[in-house]
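Data block below; observations after.
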Amino acid sequence: MASIRDLTCINSVSHMAEYGKYEEEFLVYGCSCLEGSKIVYRISPRYEEIAHYVCQAAQKNLYPSPIQSIMRRHTVLTGQHQQLLYETELELAKVLQKSYSRQFFDGLSQCISVRADDGARNFFDTLRVQLNGIFSESVLQIFEGLVDMAYRAKHLTDDTWKEIQSWLRKVKTQMEYDVVAKKPFVRTFYGFCYIDGKGKYQYKANAQKDIVVEELRKLKRQGLAVSPIFQKTYWYDYGVEPKVLREAFKQELIVYYDEVYWQHWQAIKALPSVVDLEMYADQMARIEAEGTKEEKEAFLEYGYDWNVR
């Protein structure tokens with residue numbers, strides 16, 4: 001038997017539908033970035049779209065702010081959806097504008113106005129030889145994460161990075177005919193491994209990528225050893241519990257982020273920073289004195305990526 005509250009909700013929904021109204025949540029994601037001489041704001045209701053922009057930015061020598069989001073609930077009249085979505089996107093753009101100043105982006109530009117040294121090339125040449133004949137999507141993804149680390153730290157030139165990407169495409173082409181048994185349901189998990197203050201391996205996993213990214217960001221700011229994000233998609237049938245898949249995914253993290261992986265990770269992190277340490281320290285001090293909380297956090301994370309800290 002329906003409760004009074006349930007009946008009230010049903011009547012409320014029916015009443016709203018009658019007049020062309022309905023409740024809707026508007027969730028949007030975005031970041032800001034200095035492109036040329038202008039600060040631009042990339043906003044979208046699709047997290048993947050903004051994540052792709054951030055991922056591709058380093059290849060264009062762009063350094064965007066971390067992704068932020070806002071969610072607003074509105075009563076929507078017929079034909080109002082696009083307007084309310086636009087207003088939510090505009091609100092996030094204003095939040096980003098207050099969070100990241102021109103001085104912040106100028107400071108980033110000064111720090112990264114140096115040439116990559118290609119210090120990791122020999123390391124990846126050796127690793128590619130070891131991977132020849134290993135046609136594993138997961139192994140290649142782990143390799144790509146290390147490449148991305150080195151490239152962001154400016155220890156790979158654009159030419160070397162492009163060469164490695166060409167090699168990866170060739171290997172993946174050889175894997176195109178691998179058969180994937182697709183079942184009624186699909187779920188993708190994202191996760192990473194980090195080394196805690198006691199030197200123990202810890203793992204984070206979630207089906208929502210934005211949550212995993214936020215957890216990774218926090219650990220970077222703490223200066224802990226953190227791997228790049230690993231992801232895997234599982235096709236499954238009726239009767240399979242998502243928690244079983246999550247545990248299987250965690251086991252994958254344990255297998256791939258082993259001692260050998262962390263030796264590779266350390267080899268990249270041990271390379272001397274290309275970014276001038278004194279310049280970074282000066283910019284960090286200025287941000288701590290005058291900048292916003294968001295600017296400080298972002299600068300700490302970039303310092304981590306550049307092997308400055």
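Just so it is clear, the model here is predicted, and its values are computed rather than measured.
Here the closest heavy-atom approach between residue Glu259 and residue Tyr201 is recorded as CG-OH, 3.5 Å. For Val308 against Ser273, the heavy-atom pair with the smallest separation is CG2-OG, 3.5 Å. Shown here for Ser32 and Leu96, the closest heavy-atom pair between the two residues is N-CD1, 4.2 Å. Of all heavy-atom pairs between Cys31 and Val54, the closest is SG-CG2, 4.0 Å. When all heavy atoms are compared, the tightest approach of Leu108 to Trp306 is CD2-CH2, 3.6 Å. Closest heavy-atom contact between Arg187 and Ala207: CD-CB, 4.3 Å.
Between the CD atom of Glu295 and the CD atom of Gln283 there is a distance of 11.0 Å, given to the nearest 0.5 Å. One finds the OG atom of Ser227 at 7.0 Å from the CD1 atom of Ile142 (value rounded to the nearest 0.5 Å). Atoms SG and NZ, on Cys111 and Lys154 in that order, are 11.0 Å from each other to the nearest 0.5 Å. Atom-to-atom distance recorded for Lys200:NZ and Ile195:CD1 is 13.0 Å, nearest 0.5 angstrom. Between Cys55 atom SG and Glu48 atom CD the span is 13.0 Å, to the nearest 0.5 Å. Distance check, rounded to the nearest 0.5 Å: CH2 of Trp262 to NZ of Lys269 gives 10.0 Å.
Thr173 places a side-chain N or O within donor-acceptor distance of the main-chain N or O of Arg169, the cut-off being under 3.5 Å. In terms of modelled atom types and a separation under 3.5 Å, the side chain of Tyr304 and the main chain of Val226 share a donor-acceptor contact. Although no hydrogens or angles enter the test, the distance criterion places no donor-acceptor pair under 3.5 Å between the side chain of Ser166 and the main chain of Lys162. Under a 3.5 Å cut-off, the side chain of Arg286 and the backbone N or O of Gln103 do form a donor-acceptor pair. At distances below 3.5 Å, not a single donor-acceptor pair connects side-chain atoms of Glu87 with backbone N or O atoms of Leu84. When atom types are taken as modelled, the side chain of Thr292 and the backbone of Ser99 share a donor-acceptor pair closer than 3.5 angstrom.
There is no side-chain donor-acceptor pair under 3.5 Å between Glu137 and Gln141. A donor atom on one side chain and an acceptor atom on the other are not found under 3.5 Å apart for Asp118 and His155. Side chains of Thr88 and Arg72: a donor-acceptor N/O pair is absent below 3.5 angstrom, by distance only.
Enclosure of atom CD in Glu278 is not indicated, since only 12 or fewer non-hydrogen atoms of other residues, nucleotides or ligands lie within 6.0 angstrom. When the shell of 6.0 Å around CZ of Arg115 is examined, it contains 12 or fewer heavy atoms from other residues, nucleotides or ligands. More than 12 non-hydrogen atoms from other residues, nucleotides or ligands lie less than 6.0 angstrom from NE2 of His81.
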Derivation and outcome, ring pair (Phe, Tyr, Trp, His ring centres under 6.0 Å), residues Tyr302 and Tyr280: CA-CA 10 Å; Tyr302 271 120; Tyr280 176 84; 9.7 Å; no
### Query
Stepwise, does the salt bridge (charged side-chain N to carboxylate O under 4.0 Å, His left out) test hold for Glu144 with Lys172?
CA-CA 12 Å; Glu144 287 181 273; Lys172 290 179 180 179; 3.2 Å; yes
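With hydrophobic clusters built from ILVMFWY side chains whose heavy atoms lie under 4.5 angstrom apart, Ile134 shares a cluster with Leu146. No continuous path of ILVMFWY side-chain contacts below 4.5 Å connects Tyr86 to Ile43, so the two sit in separate hydrophobic clusters. Grouping the Ile, Leu, Val, Met, Phe, Trp and Tyr side chains by contacts below 4.5 angstrom, directly or via other members, places Val274 apart from Met279. Ile268 and Val114 end up in different hydrophobic clusters when Ile, Leu, Val, Met, Phe, Trp and Tyr side chains are linked at under 4.5 Å.
Side-chain contact between Phe105 and Tyr100 is present, with at least one heavy-atom pair separated by less than 4.5 Å. In this structure, the side chains of Leu27 and Tyr47 stay at 4.5 Å or more apart for every pair of heavy atoms. Tyr190 is listed as a side-chain neighbour of Thr188, based on a closest heavy-atom distance under 4.5 Å. Inter-residue side-chain proximity for Val213 and Ile67 is flagged as unmet; no heavy-atom pair is nearer than 4.5 Å. Here the side chains of Pro64 and Tyr53 are in contact, with some heavy-atom distance below 4.5 Å. For the pair His74 and Glu24, the minimum side-chain heavy-atom distance is 4.5 Å or more. Proximity of Asp158 to Tyr151: side-chain heavy atoms (C-beta onward) are separated by under 4.5 Å at one or more points. A heavy-atom distance below 4.5 Å is not found between the side chains of Leu92 and Ser69.
Ion pairing between a basic and an acidic side chain is recognised when a charged N comes within 4.0 Å of a carboxylate O; Arg217 and Glu214 show such pairing. With respect to Glu297 and Lys293, a salt bridge is recorded, a charged nitrogen being found less than 4.0 Å from a carboxylate O. Using a cutoff of 4.0 Å between basic side-chain nitrogens and carboxylate oxygens, Glu25 and Arg73 are scored as salt-bridged. Looking at Arg128 and Glu163, a side-chain N of the basic residue comes within less than 4.0 Å of a carboxylate O on the acidic one, giving a salt bridge.
Aromatic ring centroids of Phe143 and His264 lie 6.0 Å or more apart. Between Phe230 and Tyr256, the distance from one ring center to the other falls under 6.0 angstrom.
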